[in-house]
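Sequence lines set the chain letters: A, B, ... in the order given, protein chains first and strands last, and positions in each chain run from 1.
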There are 2 protein chains.
Amino acid sequence: MADGPTITTIAERAGVSIASVSRVLNGLPTRQETVRKVMAAADELGYVRNAVARSLKSRRTHQVAFAMADIGNPAYLAMLREIQPVLKAAGYRLVLHSTDAVAADEIDVLHSLGERYVDGLIMSPLRVTEAHLRMLAAARAPVVIIGSVPEGTRVDNVRADSRTGVRLAIDHLYALGRRRIGMVNGPLDTVPGAARGAAYREALEAVGLPYDERMVEIGDFYREEGRRAVAALLRRVPDIDALMCANDLIALGALDVLRAAGKRVPQDVAVVGMDDTDLAAASWPSLTSVSLGSAERGKAAAELLLDRLRNGDREPRLVTVLPRLVVRASTAGEASEGGRSS
Amino acid sequence: MADGPTITTIAERAGVSIASVSRVLNGLPTRQETVRKVMAAADELGYVRNAVARSLKSRRTHQVAFAMADIGNPAYLAMLREIQPVLKAAGYRLVLHSTDAVAADEIDVLHSLGERYVDGLIMSPLRVTEAHLRMLAAARAPVVIIGSVPEGTRVDNVRADSRTGVRLAIDHLYALGRRRIGMVNGPLDTVPGAARGAAYREALEAVGLPYDERMVEIGDFYREEGRRAVAALLRRVPDIDALMCANDLIALGALDVLRAAGKRVPQDVAVVGMDDTDLAAASWPSLTSVSLGSAERGKAAAELLLDRLRNGDREPRLVTVLPRLVVRASTAGEASEGGRSS
DNA sequence: TTGTAGGCGTTATCAC
DNA sequence: GTGATAACGCCTACAA
């Protein structure tokens with residue numbers, strides 16, 4: 001692991017100046033003979049360009065960062081899977097940050113943009129605070145935010161629409177003849193919890209069903225919590241005929257409990273999850289789920305950023321990704337369809 | 001987004017030399033008055049160190065790369081989830097590469113180490129070719145390989161033991177009284193495919209069961225391929241009573257086909273998957289799976305690399321992570337256990 | 001066509 | 001203590 005050769009090493013070996021070496025390496029017009037000598041020397045020495053030195057000079061790192069709250073969350077991983085190839089195709093490396101849902105860490109990432117180790121940033125913050133907005137305004141490199149930002153914030157922005165998502169699910173259940181549709185939600189003090197809870201109420205009213213708080217149970221966004229919540233709900237409303245779950249894990253918990261209680265899914269109780277993670281297709285019965293377009297949002301964010309990197313001056317853009325109801329066996333289909341295989 | 005301030009800007013503003021600025025910024029002994037002036041200037045200007053210039057000078061980037069075959073594969077994501085926090089805690093950024101299982105891309109990543117944009121690399125190659133070994137030997141930065149490398153290769157190495165893993169599964173099935181245990185494998189020219197195939201044969205012999213190639217079907221490591229393979233196997237050997245699947249996706253495919261064929265799992269056919277991904281706990285019935293310790297391997301690799309970055313001269317080390325059989329409903333339990341909820 | 005020289009932003013080694 | 005000044009490796013006027 002000796003020190004690598006530099007253009008100086010090559011220049012000496014080839015008997016030319018470092019300027020000529022640089023020219024050859026960059027394909028600028030050079031005499032054939034010189035090209036030959038330089039290439040030969042470079043080959044023999046196993047020369048590789050030093051990316052750091054190039055970056056210092058060119059002020060571009062060909063790196064882009066993606067900062068997310070929690071690397072264990074499948075929704076972020078879905079984004080990541082789409083972001084990666086888009087960046088790779090454009091010649092950018094991906095630097096990953098998991099902020100563990102700590103707002104201070106998110107601010108740190110924003111701050112570290114000033115270090116110029118990346119050309120841009122895609123960030124999906126859990127909440128957008130005043131501090132976020134201040135840092136964003138002062139950011140030294142282009143940023144794309146996945147998630148909602150206040151009206152008027154001058155930043156490229158990609159959003160989901162969980163309100164419409166819940167609406168799709170409720171409409172679907174209503175169309176199937178379900179009239180006692182319960183909701184199992186996560187904590188109301190989280191952004192998704194609050195949004196989905198409100199959307200449920202709205203959607204019920206839209207189809208003309210009464211909102212009844214006895215039909216709502218709050219737990220947390222995990223399977224075990226989902227079990228508990230659904231068990232409680234089932235005790236309270238034994239003849240419930242559909243469950244709108246605030247994410248797929250809760251919905252899996254619902255399947256567990258319903259099965260144990262001898263309820264058939266979907267005949268007795270239809271179940272809808274949210275996020276359309278891989279787990280939805282893996283479960284049995286496979287889970288109808290509202291896709292909030294994690295993959296699409298990731299892709300859109302990557303494309304927005306690349307575009308911005310090419311044209312730094314254009315107006316900030318807003319992309320809203322439409323939710324999509326992915327119908328599987330837990331609400332409708334035959335119980336023999338296994339779902340997609342990713 | 002104007003050009004950021006540099007130490008020169010600060011030096012002018014504070015009326016000192018750039019050397020003093022650098023000293024203050026790095027906490028070297030300096031007169032109080034100077035410290036004060038420099039800090040004030042830095043604050044007012046919103047100065048942030050340029051990481052690229054630092055790297056050029058210090059020859060360290062504080063970045064580490066993780067290269068995996070397929071960012072969509074949950075086993076790699078499990079590694080990633082462990083690698084990230086370990087590196088973060090040590091002050092390193094994580095650069096992600098997905099090579100799409102293209103050997104040339106892996107070689108590229110190895111080659112690009114020469115560009116010095118990272119201090120080290122963790123790589124999990126699908127196959128280790130001669131070219132890989134040559135590049136490894138010539139690598140300009142420390143590398144840790146996750147996966148088997150030929151005896152004597154001088155590189156830090158973390159391995160799973162899929163042979164013992166398969167053995168655990170077969171022993172388990174045998175202990176349950178299964179005697180017609182089939183195998184559904186992926187391509188034999190992949191490292192895992194070859195290893196798992198050979199291990200199956202060995203394990204059968206170890207418990208005294210005959211190896212019968214009619215009981216083996218080769219597909220690929222995906223659910224749909226798993227379905228096809230299992231369907232073929234079932235046609236050929238209708239009274240098969242257990243299936244050893246080379247990964248969880250194949251096993252999910254097996255569950256689909258068995259269900260459609262009216263076979264009960266586990267009563268008629270027991271099913272074992274491999275990798276113990278989140279999908280195993282989500283499926284119904286939940287899937288017994290051999291954990292090859294993806295998470296542990298990721299963590300071990302990150303720690304090996306950090307250690308090597310501190311002490312570049314020590315002997316290469318080999319860490320072998322032991323497999324673990326995670327028993328769930330598809331081989332043994334009641335059909336009411338839902339599994340862990342992560 | 002080629003070489004000399006300056007600069008990208010830091011750090012570190014000198015004298016002072 | 002502090003300030004010139006020389007690297008780090010590369011690119012690029014500008015001059016020859």
With sequence neighbours excluded, what pairs up with A:Glu315 under the side-chain hydrogen bond (donor to acceptor under 3.5 Å, both in side chains) test? A:Arg154
List for me each residue that meets side chain to side chain contact (heavy atoms under 4.5 Å, CB included) alongside B:Gln63, sequence neighbours excluded, and say none if there are none. A:Gln63, A:Val95, A:Tyr117, B:Thr61, B:Arg93, B:Val95, B:Tyr117, B:Val118
With sequence neighbours left out, which residue pairs that include part of residues 26-37 of chain A fulfil the salt bridge (Lys or Arg N to Asp or Glu O under 4.0 Å) condition? A:Glu33-A:Arg36
Got a sec, which residues hit side chain to side chain contact (heavy atoms under 4.5 Å, CB included) with B:Val191, two or more places apart in sequence or on another chain? none
Helical bend (five base pairs per end, nearest 10°) for the helix from C:dT1-D:dA16 to C:dC16-D:dG1: 50°
Set of side-chain hydrogen bond (donor to acceptor under 3.5 Å, both in side chains) partners for B:Arg134, sequence neighbours left out: none
Separation of atom CD1 in A:Ile10 from atom C1' in D:dC11, rounded to whole Å: 14 Å
Residues that A:Arg310 engages under salt bridge (Lys or Arg N to Asp or Glu O under 4.0 Å), provided they are two or more places apart: none
Whole angstroms only, please: what is the CD-P distance between A:Glu115 and C:dT10? 11 Å
Please enumerate all residues that pass salt bridge (Lys or Arg N to Asp or Glu O under 4.0 Å) together with B:Glu44, with sequence neighbours excluded. B:Arg13
Could you check how far CD1 of A:Ile7 sits from P of D:dA7, rounded to whole Å? 16 Å
Which residues within residues 45-58 of chain A lie with some heavy atom under 4.0 Å of an atom in DNA chain C? A:Leu56, A:Lys57
Selection: residues 11-29 of chain B, any non-hydrogen atom under 4.0 Å of DNA chain D: B:Val16, B:Ser17, B:Ile18, B:Ala19, B:Ser20, B:Arg23
Over how many whole Å does the gap from B:Arg59 atom CZ to D:dC10 atom P extend? 10 Å
Starting at CZ of A:Arg140 and ending at P of C:dG9, how long is that distance when rounded to a whole Å? 12 Å
Distance, rounded to the nearest Å, where B:Glu33 contributes CD and D:dT2 contributes C1': 14 Å
Residues that B:Arg59 engages under side-chain hydrogen bond (donor to acceptor under 3.5 Å, both in side chains), provided they are two or more places apart: A:Asp3
Side chains of B:Tyr76 and B:Arg81: do they bring a donor and an acceptor to under 3.5 Å? no
Taken in chain and number order and not counting sequence neighbours, the residues that satisfy side-chain hydrogen bond (donor to acceptor under 3.5 Å, both in side chains) with A:Asn73 are none
